[in-house]
Amino acid sequence: MAELHVVLHLDDPEEKRLGIGLTNLENLIRAAGGPAHVNAHFVVNGPGVKLFKELKQEFSQRLLALAEAGIHFVACQNALKANAMDPSELPEGMRTVPAGILELVRLQQEEGCAYIKP
Amino acid sequence: MAELHVVLHLDDPEEKRLGIGLTNLENLIRAAGGPAHVNAHFVVNGPGVKLFKELKQEFSQRLLALAEAGIHFVACQNALKANAMDPSELPEGMRTVPAGILELVRLQQEEGCAYIKP
Amino acid sequence: MAELHVVLHLDDPEEKRLGIGLTNLENLIRAAGGPAHVNAHFVVNGPGVKLFKELKQEFSQRLLALAEAGIHFVACQNALKANAMDPSELPEGMRTVPAGILELVRLQQEEGCAYIKP
């Protein structure tokens with residue numbers, strides 16, 4: 001069982017903020033002694049989803065490596081619709097949830113996730 | 001009894017961030033199945049209060065609709081004073097609290113609110 | 001025993017955000033009736049650490065006063081290394097932690113700290 005529960009939140013379409021968030025996760029996994037100790041989620045909503053339409057390879061590779069280590073990357077379907085994006089445009093390793101805001105509340109309330117806004 | 005407890009925090013005087021926050025609340029209410037399922041607070045402090053001095057009608061209408069649905073909009077009295085604003089300048093549907101930072105801590109600790117920074 | 005538990009998070013090297021964070025802490029202590037009622041932490045990671053390399057006196061004085069009142073200011077060692085900074089460059093009153101992200105999660109999960117992103 002993971003002992004660290006955390007949700008990171010991105011709603012700005014800024015590469016800088018995504019980079020900080022990915023580094024946060026990489027550092028957390030290392031500090032925790034490996035991905036098995038971490039239950040981590042990365043929720044993207046609002047204009048933040050635009051960043052994932054044509055994601056630079058540097059970021060898509062890091063995201064996929066983290067997803068394969070068990071980190072949950074999800075994008076908000078409301079935000080995809082508002083930005084005329086199709087889920088098929090998301091990078092490998094990223095799923096969707098109906099409402100990002102509900103996921104952010106649910107993860108904190110039900111799974112006891114700490115919240116981090118990079 | 002509401003089952004979703006959340007506090008949104010705004011301290012930037014940026015319309016973009018307010019718009020995201022209002023959309024978050026509108027989406028949350030819809031995803032939750034109506035306002036009765038949501039105990040939601042919107043706390044404005046720091047320079048963020050300046051945005052509410054002459055709030056555009058688009059925002060004041062959405063804020064009032066959410067306030068009438070039971071969302072609690074509050075502005076920090078410390079921040080109003082620091083920006084030479086009077087509570088009477090706030091839009092309809094918005095109240096004040098003595099210290100926004102205390103409200104943000106209290107809502108998380110006492111009411112178990114999830115925290116979201118749009 | 002302190003009854004208010006809170007962690008503030010800074011990862012932007014922006015004086016404006018640091019100023020808001022320090023004001024948050026000053027207002028919280030006043031609203032709480034003094035520093036004995038507050039268990040507060042200020043965690044700096046990511047590019048935010050760059051701000052502390054040559055911190056303006058206005059900020060270093062306020063930080064030291066808060067540190068002397070019992071507020072815990074810590075910088076992330078990963079971030080210091082990434083920005084070629086030595087802990088000795090940090091202002092008086094500020095310590096380091098191995099991983100800022102782990103500290104942010106730990107404080108929320110283990111000490112029940114409310115999270116604030118100024």
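In what follows, every chain begins at residue 1, and chains take the letters A, B, ... in the order their sequences are listed.
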**Q** Crowded around Lys56(B) NZ? As in, over 12 foreign heavy atoms under 6.0 Å?
**A** no

**Q** Is the number of heavy atoms from other residues, nucleotides or ligands under 6.0 Å of Glu111(A) CD greater than 12?
**A** yes

**Q** Counting only non-hydrogen atoms closer than 4.5 Å, does Ile20(B) touch chain A with its backbone (N, CA, C, O), its side chain (CB onward), both, or neither?
**A**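 The side chain, not the backbone.
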
**Q** Could you check whether any side-chain N or O of Gln108(A) sits under 3.5 Å from a backbone N or O of Tyr115(B), counting only pairs where one atom can act as donor and the other as acceptor?
**A** yes

**Q** Could you walk me through whether Thr23(B) and Ile101(A) pass side chain to side chain contact (heavy atoms under 4.5 Å, CB included), step by step?
**A** CA-CA 9 Å; Thr23(B) 300; Ile101(A) 182 74; over 6 Å; no

**Q** With heavy-atom distances below 4.5 Å as the criterion, would you say the side chains of Gln109(A) and His5(B) are in contact?
**A**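 Heavy-atom side-chain distance check passes, below 4.5 Å.
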
**Q** Assess whether a salt bridge exists between Arg17(B) and Asp11(A), defined as any Lys/Arg side-chain N lying under 4.0 Å from an Asp/Glu carboxylate O.
**A** yes

**Q** Going from CZ on Arg106(A) to CD on Glu3(B), what distance comes out if it is rounded to the nearest 0.5 angstrom?
**A**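 Reported to 0.5 Å precision, the distance equals 14.0 Å.
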
**Q** Could you walk me through whether Leu102(A) and Leu4(B) satisfy the side chain to side chain contact (heavy atoms under 4.5 Å, CB included) test, starting with their C-alpha distance in whole Å, then the side-chain angles of each, then the deciding distance to 0.1 Å, before giving a yes or no?
**A** CA-CA 9 Å; Leu102(A) 182 62; Leu4(B) 293 171; 3.5 Å; yes

**Q** Are more than 12 heavy atoms from other residues, nucleotides or ligands located less than 6.0 Å from atom CD of Glu14(B)?
**A**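 Counting other residues, nucleotides and ligands, CD of Glu14(B) exceeds 12 neighbours.
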
**Q** How far apart are the closest heavy atoms of Pro47(A) and Lys16(B), and which atoms are they?
**A**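 Pro47(A) and Lys16(B) have their closest heavy atoms at CG-CE, 4.5 Å.
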
